[in-house]
Each structure stands twice: as C-alpha cells, then as structure tokens.
Amino acid sequence: MSIKEQASYLSETVKQLRPSGIRRFFDLASKMENVISLGVGEPDFVTPWNVIEASYHSLEQGYTAYTANAGMIELRNQISHYLQATYHVDYHPEDEIILTVGASQAIDLALRAIINPGEEVIVVEPTFVSYAPVVSLTGGIPVAVQTDAKDEFKLQAEQLEHAITEKTKAIILCNPNNPTGTVLQKEELVQIAQVVQKHDLIVLSDEIYAELTYDEAYTSLAAIEGMKERTILISGFSKAFAMTGWRLGYVAGPDEFIQAMLKIHQYTVMSAPTMAQHAALEALTNGRQSVVNMKKSYRQRRNYVVHAFKEMGLACHLPGGAFYVFPSISETGLTAEEFAEQLLQQEKVAVVPGNVFGESGKGHIRVSYAASLEQLEEAMKRMKRFVDGVK
Amino acid sequence: MELIELLEKNGRMEIETIATMLAMNKAEVEQSISKLEKVKAILGYSAIIDWSKVLDYEGVTAMIDVKVTPTRGVGFDKIAERIYRFPEVKAVYLMSGAYDLSVSIEGKTMSEISRFVSEKLSTLDSVISTTTHFIMKKYKHDGVIFEHEDDDRRIVVSP
Ligand SMILES: Cc1ncc(COP(=O)(O)O)c(C=O)c1O
C-alpha cells in the first residue's frame, strides 16, 4: 500500500501547534540586506575567551565521551556553590541539579515530569514564546494571564488568583522577563508566593536572566520562604555568560522532582554536551569578571535606549533586567505588526512586534539592546525618523 | 570609573551619550572630565592607528631591553629621563626581571633605529647593555585587536 499524504500521519498535538510569530519576522528580515537587527534574543558578545579555551583544552585531553546523566559532578558542585553564594538557595549537587541542553530542555523536562493531560499551567503574558507550546506537548493546557503596561508588566497577585481553577497545577514565571525586561522584586514575589501556596501550585521559575539585573539586588523565587519545596528553578549559561550556541542550562529543585526529570533525561538526552560542560566549569570558576563587564555594558546601553524612546515620545518603562526594552508604539496609531513590518521595510531596522509574546504585548515592540552602541545609535536615528514620519 | 573606561575605549564619545548611558547629567560629566584632565589622569586623546594600513607609511618599531646601573640618590629616574626625552622614544617602563628599562622606539628604517641604539643609547654612561627586538607584526595593541573580523554571527531574529 502506498503512503498517504504525509501530513495525515502527524500527531494531532503537533498539528495543533502554531508556528511562532517570531518566525515570520525572521523570514522577512533574513531576506533583506544591511538590516540592523534589534530583534535578537541573545548577547552580542562572543563567549569569554578563557571559557572557549577551557573547552579546547578539554577536547585536547580527550574529554569527548558522555558524562554522568545529570552532568559532571564537579560542575554540579560549582553550580550548587554558585546558587548558594549568589541567590542564597541550597541545592544538593548529587540529587538536586541536572545539566540540560539549554534552559529550553530544562523547561521541557520540568513540564513533562509534572503535568498530566488536562492539567492547566499558567503562563504570564507577555511571555517567552516556548512555554505554552511545551505545555501543550505534554498534554497540559496553557492558560494565559495578562499583565498591564501600567504595572510595568509585573504580575499582580489578583491577576494570578483570577486565573486559577481546580485544574491548575503550575505556573511558569520568567524573572527577569523576556520580552519586557521587568524584574519582580522581593515583596512582589512574596505576594505571588502567597497565592501559589494557598492554591498548592508548583512554580517553574525561569531565572535565566538573573545575572543581568541592573538596579536592585536580585531575589530568587526559591529563596522566598516556603517556596523552595514547590519551585523548579531553571537557568543556564546562554545569557549571562554569552554561551547561547553551547546549549547548556540546568534545572535545580527538590530531589523528588529532579529524580523524575532525570528519568526522562537519561532516556531522551543521556547527558548534556561534554565540551560545553567543561566550558561552563571555567565560566563559573573564572568567569565572574567577564559577567561584571558585560553587565556594565548592557546597563549603559539600556539607559541610552530608554532615553532614545522617551525622546521619540514613546512610553517606555525602565526595565530592571535582561537586555530588552518594551516600548509602547500605540502613539503612532499602528499595530505592533504594522510598526515592525514598516520599520523593517522603510528603515531596515528589525524589532519584534509585542503581540507575538501574547495578548498584552499588543501595541508594544521588543527591542534588544544587545547590539553595539554604534548600531544602537544608528537604529535609534532611523526609528526616530520613522516615528516622526507616521505620527 | 565607568566614565574613564568609556573614554578609554572611545575618546570621541559625545558628552551627551556618556551622560545618558551613565544616568548622569551633562554638567556632571563635563566636570568629572575636566577634573580628570586637571589631575592628569586623562593625559590626552589619541586615535588607535593600524599603521600597516596607512598607504605610504614606512616605519619600524623596536623594543629594547636596557640594563643600567642606577645612580645613587635618584635610582633609575635620572637615566630613564635621559632616554625618554628623545622624541623617537615612544615608551619607557622600569621593569622587574632580567633587565631594567624597556624602551620602545619608532623609526623610519631599521638602520635608523640601530643608529639610535649604538650612538645615543648604548653610549650613555650608566647603560650596561642593550638588546633590540624589532616588531614584525602587530596583532593587538592597547587592547585593540588588529585584523579582527567582528561580523555579527547571530541569526537576525530570535526568541
Ligand atoms: C526566558 C528564556 N528562557 C529560556 C531561554 C532558552 O535559553 P537556552 O539557550 O538556555 O535554551 C531563553 C532564550 O531566549 C529565554 O529568553
């Protein structure tokens, strides 16, 4: 018997999955030349040289085999120290930490470990684009909660409370947030934690941008009283250490959760890339100064870009972290999609329309300032010309 | 401190840009800069030039290790001054280790530098010996990598 239309073999879940709205802009922008891209969700720095060199060295030494399923114990020890020293949270290196293929895989593992079909997972919008699709892949139901521009997109306890039903199992919180750059402070986390505890939920806390906060001391959700036992902490090396291409992240949490994830991980991935683990070990042991330098530079550029948007007459809150600003473009009378598309066509500057990050991202654009100051200056000049033209 | 670092990287950065980036006002930045200039923490503003790219520039640079006998009372300072006063001398450092002064010198030709070393430098009373190294290629100078490809290797739009 000959094969039917291939699509008819696909799983219903996958067929239902919508392609990311970012994809469309990628296709548009990559067909054009000389585009200044502020649409990039990764650092403009190359990985610090000592980290690259450590990985070379490990390869020369012949470290080309699998590691333990959970990752090299030396690296888990370092991560454990690092989490303790930086965020005052204790995770046992033996059974509470797994090295993953980016934070991306950590998100997948965590959701697969806890979600039963039909259970609801709350996703806070505007949101990083992967959460809801991964929830759907596990058979769970993503439930969006909208945050408000007037609160600088900080999740309010009441907003969370409203979204909870008897089917709610977990909430995914991204702090600092991609795309808004917003950072929840300790008091705000305490408010959210109260709701979470009251309804007995689990939190997937994606703190991959935690190193990149610029104004106030950072608090991890896991450090809030009563939260460690119900938090799955997700982070990685991509953003803080400029290591996106190495594909290395990690997940830390109570041992029951982590052991369940390890079961999945050992069958689906075996172990995270070995050469990346050696690089990460160097990053944690000797990479602090590079992080401090990069962070300083992001902060300066953030200040510059926020100021530039104010000058254009577009409302833009001062985001406390990550490397994104999320100005409102509603002044221009255009939708975010129109704005981004016309800006790309007329001025060759790529940004991402806010609506791809969820309902409450409408009327906003995500602008990454992980670009050189020269590029930012030129991009802001072009954007101002564009905004003046349409207003 | 951050201000100095910015200027060290780019001495031509606009005051206004510096002010926005550091969340200061223009007057504060101006004041800080003139203070730094006054105490000579900032000595000047210069361009970083890759001379190998400058057409019809012919020149050579040498680094000379110099052993000297220090003079009573003034140590190495006197002899260092005798050397750094020559305009062709671009840098002089007092070093720990096998020799005392590291002298870097620019000239049009190798023979011009050789002449300087044999006639001016080694004839100084307190100079015991010199070892001259000519620079053949500059890969990195003052923290700047020459011949560096800094193309953005990221994809144009990503989550
Ligand atoms: C909020 C957030 N979480 C996770 C990731 C994925 O990171 P990784 O490269 O570690 O998979 C990203 C990358 O854009 C992100 O922005």
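Chain A is the first sequence line, chain B the second, and so forth, proteins listed ahead of strands; every chain is numbered from 1.
Residues B:Ser118 and B:Thr123 approach most closely at O-CG2, 3.4 Å, considering heavy atoms.
For the set A:Asp27, A:Asn303, A:Thr244, the count of heavy-atom pairs under 4.5 angstrom toward chain B peaks at A:Asn303. The candidate with the highest count of non-hydrogen atom pairs below 4.5 Å against chain B, out of A:Val306, A:Val46, A:Asp44, A:Val352, is A:Asp44. Chosen from B:Ala19, B:Ala23, B:Pro159, the residue pairing most often with chain A at heavy-atom distances under 4.5 Å is B:Pro159.
Between A:Gln300 and B:Leu22, some side-chain heavy-atom pair lies under the 4.5 Å cut-off. Looking only at side-chain heavy atoms (C-beta outward), A:Ile107 and A:Ile234 come within less than 4.5 Å of each other.
A donor atom on one side chain and an acceptor atom on the other are not found under 3.5 Å apart for B:Tyr93 and B:Tyr84. Of the N and O atoms on the side chains of A:Tyr209 and A:Lys239, at least one donor lies less than 3.5 Å from an acceptor on the other residue. B:Ser158 and B:Arg154 are not linked by any side-chain donor-acceptor pair at a separation below 3.5 angstrom, with hydrogens and angles left out of the test. The closest side-chain donor-acceptor pair between A:Asn355 and A:Glu337 falls under 3.5 angstrom.
By the 4.0 Å N-to-carboxylate-O rule, A:Glu341 lies close enough to A:Arg24 to be salt-bridged with it. In this structure, B:Lys40 does not pair ionically with B:Glu37, as no charged nitrogen and carboxylate oxygen lie closer than 4.0 Å. Between A:Glu378 and A:Lys381, at least one side-chain nitrogen of the basic residue sits less than 4.0 Å from a carboxylate oxygen of the acidic one, meeting the salt-bridge criterion. We find that B:Arg82 and B:Asp77 are not joined by a salt bridge, their nearest charged nitrogen and carboxylate oxygen being 4.0 Å or further apart. A salt bridge links B:Arg85 with B:Glu81: at least one charged nitrogen is closer than 4.0 Å to a carboxylate oxygen.
With a 4.5 angstrom heavy-atom cutoff, A:Leu38 does not touch chain B via any of its atoms. When heavy atoms are compared at a cutoff of 4.5 Å, A:Tyr369 does not approach chain B at all. Using a 4.5 Å cut-off between heavy atoms, A:Pro179 does not touch chain B at all. Contact of B:Ile18 with chain A is not made at all, since no heavy-atom distance falls under 4.5 Å. Of the two parts of A:Arg23, neither the backbone nor the side chain holds a non-hydrogen atom closer than 4.5 Å to a non-hydrogen atom of chain B.
Using cut-offs of 30° and 60° on the angle between ring planes, the pair A:Phe241 and A:Phe237 is tilted.
Among the residues in residues 29-36 of chain A, those with a non-hydrogen atom closer than 4.5 angstrom to a non-hydrogen atom of chain B are A:Ala29, A:Ser30. Below 4.5 Å, heavy atoms of chain B meet heavy atoms from A:His307, all part of residues 307-317 of chain A.
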